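None of the values given here were measured: they were computed from a predicted structure. Numbered from 1 within each chain, the chains take letters A, B, ... in sequence-line order.
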Protein chains: 2
Amino acid sequence: MEPLVEALKKLSPDLLDVMQKRYEILHSISLMAPIGRRALAASLGMSERVLRSETEFLKGQNLLSADVSGMRLTEEGHELLHTLHDWMREALGLKELEAALQRKLGIPRAIVVAGDSDRSPWVKKEMGRACVACMKELLEPGDIVAVAGGTTMAAVAEMMTPDAKLRDVLFVPARGGLGEDVENQANTICAKMAEKAMGRYRLLHVPDQLSDEAHASLVEEPAVKEVLELIQSCRMVVHGIGDAVTMAKRRKTPPAEMGNIIARHAVAEAFGYYFNEYGDVVHKVKTVGIQLEHLPHVEHVIAVAGGASKAKAIRAYMKRAPHSLLVTDEGAAKAFVGE
Amino acid sequence: MEPLVEALKKLSPDLLDVMQKRYEILHSISLMAPIGRRALAASLGMSERVLRSETEFLKGQNLLSADVSGMRLTEEGHELLHTLHDWMREALGLKELEAALQRKLGIPRAIVVAGDSDRSPWVKKEMGRACVACMKELLEPGDIVAVAGGTTMAAVAEMMTPDAKLRDVLFVPARGGLGEDVENQANTICAKMAEKAMGRYRLLHVPDQLSDEAHASLVEEPAVKEVLELIQSCRMVVHGIGDAVTMAKRRKTPPAEMGNIIARHAVAEAFGYYFNEYGDVVHKVKTVGIQLEHLPHVEHVIAVAGGASKAKAIRAYMKRAPHSLLVTDEGAAKAFVGE
DNA sequence: GTATAGTGGGACATAATATGTCACACCGGG
DNA sequence: CCCGGTGTGACATATTATGTCCCACTATAC
């Protein structure tokens with residue numbers, strides 16, 4: 001995209017929404033002319049009143065005219081529509097991608113940022129910012145947020161900023177030790193995010209490798225039990241999605257389990273669960289915290305993952321997360337839609 | 001200007017205002033950083049609260065950062081400023097021209113439309129539309145509007161549209177016969193404008209060439225006298241500005257008067273008055289209606305004139321019209337500022 | 001040391017704007 | 001003749017922008 005449009009979007013982000021709305025109105029009128037407001041509003045899925053405001057504006061701009069038979073474009077309106085046609089396709093590329101993702105995945109909302117995090121490291125931060133904005137939009141004071149691990153989640157924590165909406169929000173790690181390096185562990189990221197947000201946090205101190213007996217007794221420890229209960233009652237979960245094999249390697253998974261993961265064709269990973277391309281769980285890391293069965297009962301689930309290489313993993317995981325929000329990037333979204 | 005920007009402006013006219021405001025804020029911060037809100041608000045001449053809203057937005061966009069010492073641009077902010085620099089100059093060219101005209105002419109408001117009516121006939125219509133928008137902004141129900149003649153005023157009448165704000169507005173011709181062709185006479189244009197506006201109008205039936213006696217007695221006719229009184233009490237005058245010699249020729253001015261006009265170096269003409277380059281009246285067509293002395297007592301005076309060839313005439317006339325609004329075009333404005 | 005003038009940020013009432021929801025007058029075709 | 005479409009006006013309400021305070025904090029000058 002040309003840098004100018006990029007700059008425009010930065011200085012006036014909702015410009016594109018307005019432009020798109022007006023463009024669609026002109027477009028529809030050009031196709032259905034002459035048409036009345038009510039019929040057009042129904043067709044465009046917007047309320048009659050906002051359509052009326054818009055058409056009155058467009059009429060003032062001499063782009064359309066209205067008489068008793070309905071509205072139609074003026075000559076100038078047709079010209080403008082033609083001028084805008086190509087540009088809108090490009091400028092609205094991301095919005096189109098978002099719409100396509102929402103449709104294909106059957107999820108309520110997808111957010112696509114420009115770039116490809118496989119190729120440009122800063123795109124991950126951009127996703128982080130988008131995710132933070134999304135969190136701030138959904139969170140209420142007093143909420144509990146469960147945060148998973150991974151490099152993408154680290155970027156989210158990195159981009160977190162304080163906000164009045166985050167007042168009294170409590171951050172907790174989503175699950176116990178998954179075998180990651182310390183800087184990508186849920187505990188670390190949870191603490192970092194909370195600090196950046198000026199919020200409170202609680203950590204889950206559960207070693208990676210434990211015998212079943214030790215595990216069972218640790219869970220009964222009051223300090224651990226309390227945090228686990230907080231996690232269970234969280235109102236939001238934020239997590240990344242990984243490529244199954246990559247994640248398994250990074251976690252130095254024992255050969256036996258690794259064989260299982262490969263043999264059962266796992267392609268995606270999220271907070272310790274491994275999924276095959278159909279979204280079936282084929283392996284899970286045994287630890288405490290959020291379990292997959294809990295997710296449907298959590299108000300807001302945000303999945304963050306980008307990069308063309310992760311498109312397959314995202315597709316696989318999202319099959320089992322119909323009410324999750326997805327924050328991704330252009331690279332992944334295009335690989336997705338292009339399939 | 002590239003057609004895309006043209007289209008953007010058409011579809012979202014106040015976009016440029018927002019862009020300009022935000023651009024100026026970024027620009028000022030880049031120069032004065034670190035600087036606080038209050039000092040910056042004073043420097044930019046905007047209220048602290050709106051500046052605060054803007055800076056909060058820009059901070060959210062990651063274009064500037066704030067700490068206890070004040071605000072400064074981020075790296076991204078600097079880059080965006082650089083990207084926008086050239087484009088803003090072009091996009092805001094008209095606004096700059098308006099500001100320059102207001103300054104140079106000492107008038108409260110100048111409106112500049114794109115193009116040059118000398119070269120593109122449609123620019124006159126564009127001026128007409130701008131003039132109509134301006135009239136609608138200023139008029140109140142029940143107002144009386146005096147309308148002069150000329151081809152430019154014909155374009156204004158052409159572009160007039162009905163409006164709730166024009167309810168019960170009465171249109172009257174500014175002055176009696178000036179020797180023009182019928183389609184450019186004030187009477188004709190007045191009637192046309194009123195019809196397009198769905199408003200009422202009164203006409204002034206005074207033949208061009210009359211003896212002084214006939215003239216004096218006609219003015220005492222009740223029908224004429226009533227209209228003249230309406231004209232005297234008008235709250236708005238809208239008129240064009242012409243090149244003196246061109247207008248004199250078009251009006252088939254008798255050789256004696258023509259000689260006078262040329263000998264005294266008349267350059268501008270407006271509603272029957274001829275002005276030299278210093279704004280002095282060097283000749284006037286003797287007829288009834290608005291006289292030059294009335295203008296200072298009229299709330300709103302709008303002068304409409306465009307085309308590079310008219311720049312000198314506009315300058316000359318506007319010297320004596322310090323509280324007039326001016327609607328002009330890029331061609332005239334550039335010729336003006338370039339002088 | 002302290003006084004001071006600057007900083008950003010929070011809070012709240014009010015103005016301005018957008019929107020939802022009606023009712024009305026009109027016109028053309030069954 | 002009426003019915004379903006049209007645009008337009010009107011008004012209450014939700015939403016947003018703005019004006020006007022205040023506060024805590026921190027550099028800096030003294």
Side-chain angles (χ1 to χ4, degrees), chain A residues 12-15 17-18 21-22 25 28-29 32-74 77 136-137 141 161-169 196-199, chain B residues 12-15 17-18 21-22 25 28-29 32-74 77 136-137 141 161-168 197-199:
Chain A
S12 172
D14 43 353
L15 162 72
D17 298 291
V18 178
K21 182 165 53 169
R22 293 182 178 164
I25 292 173
S28 298
I29 293 181
M32 309 167 76
I35 186 174
R37 261 211 310 275
R38 285 169 260 269
L40 185 59
S43 157
L44 286 169
M46 58 176 70
S47 89
E48 184 194 332
R49 194 58 181 80
V50 310
L51 178 63
R52 178 175 170 181
S53 298
E54 294 300 334
T55 54
E56 278 172 352
F57 165 80
L58 294 170
K59 204 188 303 175
Q61 294 298 103
N62 216 7
L63 296 173
L64 63 84
S65 59
D67 57 32
V68 58
S69 71
M71 299 177 291
R72 65 192 75 217
L73 294 195
T74 62
K136 286 182 179 175
E137 193 177 318
T161 55
D163 191 283
K165 291 289 290 290
L166 296 182
R167 189 209 323 259
D168 289 326
V169 165
K196 290 260 186 187
M198 306 283 204
Chain B
S12 173
D14 43 354
L15 162 70
D17 297 293
V18 178
K21 183 165 55 170
R22 293 180 178 165
I25 292 173
S28 298
I29 294 181
M32 308 168 76
I35 187 175
R37 265 208 316 267
R38 286 168 261 269
L40 185 58
S43 157
L44 286 170
M46 58 177 68
S47 89
E48 185 193 330
R49 194 59 181 80
V50 310
L51 177 64
R52 179 176 171 179
S53 298
E54 294 301 334
T55 54
E56 278 173 353
F57 165 79
L58 294 171
K59 202 188 305 176
Q61 294 299 103
N62 216 8
L63 297 173
L64 63 84
S65 59
D67 56 33
V68 292
S69 68
M71 299 177 291
R72 64 192 76 218
L73 296 194
T74 62
K136 286 182 179 174
E137 193 177 319
T161 55
D163 191 283
K165 292 288 291 288
L166 297 183
R167 189 211 321 261
D168 290 326
M198 306 283 205

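The distance from atom CD1 of A:Ile35 to atom C1' of D:dT6 is 11 Å, rounded to the nearest whole Å. What separates CG of A:Asp67 from P of D:dG5 is a distance of 17 Å, to the nearest Å. Between the P atom of D:dG5 and the CZ atom of A:Arg72 lies a distance of 18 Å, rounded to the nearest Å. Rounded to whole Å, the distance from CG on A:Leu58 to P on D:dG7 is 14 Å. Look at CD1 on A:Ile29: it is 12 Å from P on D:dT6, rounded to the nearest Å. B:Glu56 places its CD atom 16 Å from the P atom of C:dT7, with the value rounded to the nearest Å.
Scanning all heavy atoms of the two residues, the minimum distance from A:Asn62 to A:Thr74 falls at O-OG1, 2.8 Å.
Residues passing the side chain to side chain donor-acceptor pair (under 3.5 Å) test with B:Glu54, sequence neighbours excluded: B:Lys21, B:Arg22. Not counting sequence neighbours, the partners of B:Thr161 by the side chain to side chain donor-acceptor pair (under 3.5 Å) test are B:Lys136. B:Val50 meets the side chain to side chain contact (heavy atoms under 4.5 Å, CB included) test with B:Met46, B:Ser47; sequence neighbours excluded.
Note on residues 55-74 of chain B: pairs passing salt bridge (charged side-chain N to carboxylate O under 4.0 Å, His left out), not counting sequence neighbours, are B:Arg52-B:Glu56. Counting only residues at least two apart or in different chains, salt bridge (charged side-chain N to carboxylate O under 4.0 Å, His left out) contacts with residues 41-51 of chain B comprise B:Arg37-B:Glu48, B:Arg38-B:Glu48.
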Base contacts versus sugar-phosphate-only contacts with protein, heavy atoms under 4.0 Å: please encode nucleotides 17-30 of chain D as B, S and - from 5' to 3'.
-BBB-----S----
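The phosphate of C:dG8 (OP1 or OP2) has no side-chain N or O of B:Lys59 nearer than 4.0 angstrom.
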